[in-house]
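Letters A, B, ... are given to chains in the order of the sequence lines, protein chains preceding strands, and every chain is numbered from 1. These values consider heavy atoms only, across backbone and side chains, with no hydrogens, waters or symmetry-generated copies.
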Number of protein chains: 2
Amino acid sequence: MRRDVFQAIADPTRREIIGLIAHKTLNLNEIAENFEMSRPAISQHIKILTECGLVEITQQGRNRYCNIQFQKLAEISKWVEQYRIFWTNKLDALEIHLSKETKST
Amino acid sequence: MRRDVFQAIADPTRREIIGLIAHKTLNLNEIAENFEMSRPAISQHIKILTECGLVEITQQGRNRYCNIQFQKLAEISKWVEQYRIFWTNKLDALEIHLSKETKST
DNA sequence: TAATTGCGTAAGTGATTGCTTACAAATATA
DNA sequence: TATATTTGTAAGCAATCACTTACGCAATTA
């Protein structure tokens with residue numbers, strides 16, 4: 001059972017869930033209301049998000065509130081950002097190219 | 001056939017491939033040499049990376065060289081970075097908390 | 001021209017995914 | 001105490017995934 005952040009965010013529903021609870025802590029039913037699919041389906045998505053550490057649950061009576069663990073998102077950021085130097089370099093090159101074109105016209 | 005960047009980078013082998021060709025353009029066989037699995041398996045991974053726009057292929061004779069399209073990586077970056085404000089805020093709160101603790105001891 | 005090299009693709013397979021419905025447990029309310 | 005609410009989990013299922021082996025084709029080299 002591979003459970004890493006990259007696999008967790010691969011599913012569009014799970015990315016939407018993250019989008020929902022990023023701004024406001026919600027319980028499972030409140031999250032499920034935002035989707036067409038069944039509540040157990042959402043429950044299973046939350047489980048995956050919890051298992052990889054992206055979401056943490058705080059139980060309060062019979063409600064289970066979901067909070068994002070943003071440090072985990074930072075893990076993804078770290079992976080992508082190692083390549084930023086490459087794409088910014090390319091953009092720089094493009095800008096130089098464009099400014100040359102502007103001069104020549 | 002869902003082919004988006006998030007699903008593409010979900011697989012660890014594909015992330016490794018990206019890591020390989022980020023610094024140096026390689027042909028398919030050169031990429032495959034770095035892995036235990038068969039060449040067709042790598043070929044299929046490259047196909048997925050190409051279909052979602054993360055890799056572009058330049059044919060040169062019988063060699064097909066693979067180049068990363070870094071703008072596509074920027075798409076992932078954009079998604080993660082929208083949440084950065086949340087995790088940096090949390091870090092700020094932690095730092096304040098820690099400095100208070102240091103003072104009280 | 002014959003052999004080699006670099007590659008895509010088809011078919012097959014077992015594991016995993018993303019859902020469903022059905023059920024049970026625990027907490028809260030009447 | 002009986003009922004309603006919030007939830008987890010099991011079983012089942014079709015679709016997809018990540019691989020394999022087997023093959024064919026085009027470009028290069030001998």
**Asked** Is any side-chain heavy atom of B:Ile57 less than 4.5 Å from a side-chain heavy atom of B:Ile46?
**Response** yes
**Asked** Side chains of B:Ile9 and B:Ile18: closer than 4.5 Å at any heavy-atom pair?
**Response**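 Counting from C-beta outward, B:Ile9 and B:Ile18 do come under 4.5 Å.
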Distance check: side-chain N/O of [X] vs OP1/OP2 of [N], anything under 4.0 Å?
{"X": "A:Ser38", "N": "C:dT20", "result": "yes"}
{"X": "B:Gln7", "N": "D:dC17", "result": "yes"}
{"X": "A:Arg14", "N": "C:dG18", "result": "yes"}
{"X": "A:Ser43", "N": "D:dT7", "result": "no"}

Rounded interatomic separation in angstrom, taking [atom1] from [X] and [atom2] from [N]:
{"X": "A:Phe6", "N": "D:dC17", "atom1": "CZ", "atom2": "C1'", "result": "19 Å"}
{"X": "A:Glu33", "N": "D:dT6", "atom1": "CD", "atom2": "C1'", "result": "12 Å"}
{"X": "A:Asn27", "N": "C:dA26", "atom1": "CG", "atom2": "C1'", "result": "15 Å"}
{"X": "A:Ile57", "N": "D:dT6", "atom1": "CD1", "atom2": "P", "result": "16 Å"}
{"X": "B:Ile31", "N": "C:dG6", "atom1": "CD1", "atom2": "P", "result": "14 Å"}
{"X": "A:Asp11", "N": "C:dG18", "atom1": "CG", "atom2": "P", "result": "5 Å"}
{"X": "A:Glu36", "N": "C:dC19", "atom1": "CD", "atom2": "C1'", "result": "14 Å"}
{"X": "A:Ile46", "N": "D:dT6", "atom1": "CD1", "atom2": "P", "result": "15 Å"}

**Whichever of B:Arg39 and A:His45 has its nearest DNA chain C nucleotide further upstream toward 5'** = B:Arg39
**Message:** I'd like to know if A:Gln44 reaches the base of C:dT20 with its side chain, counting only an N/O donor and acceptor under 3.5 Å.
**Reply:** yes
**Prompt:** Between the base of D:dT6 and the side chain of A:Glu30, is there any donor-acceptor pair under 3.5 Å?
**Reply:**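 Flag unset: no donor-acceptor pair detected.
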**Message:** Distance alone, cut at 3.5 Å: any donor-acceptor contact between the side chains of B:Ser77 and A:Arg84?
**Reply:**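 Distance-only check passes for B:Ser77 and A:Arg84.
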**Request:** Determine the interplanar angle of the A:Phe86 and B:Phe70 rings, folded into 0 to 90°, and report it as parallel if under 30°, tilted if 30 to 60°, perpendicular if over 60°.
**Result:**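 The rings of A:Phe86 and B:Phe70 lie parallel, inter-plane angle below 30°.
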**Prompt:** More 5' along DNA chain D: B:Gln60 or A:Asn29, using each one's nearest nucleotide?
**Reply:**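 Whichever sits nearer the 5' end wins; that is A:Asn29.
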**Message:** As a test of understanding, state which of A:Ile17, A:Leu20, A:Ile21, A:Leu26 forms a side-chain contact (heavy atoms from CB on, under 4.5 Å) with A:Cys66.
**Reply:**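 With A:Cys66 as partner, side-chain contact (heavy atoms from CB on, under 4.5 Å) holds for just one option, A:Ile21.
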Report the nucleotide, chosen from [options], that has the shortest atom-to-atom distance to any side-chain atom of [X].
{"X": "B:Arg62", "options": "D:dT28, C:dA28, D:dA18", "value": "D:dT28"}
{"X": "B:Arg64", "options": "C:dC7, D:dA18, D:dC19", "value": "C:dC7"}
{"X": "B:Ala41", "options": "D:dA22, C:dT21, D:dC19", "value": "D:dC19"}

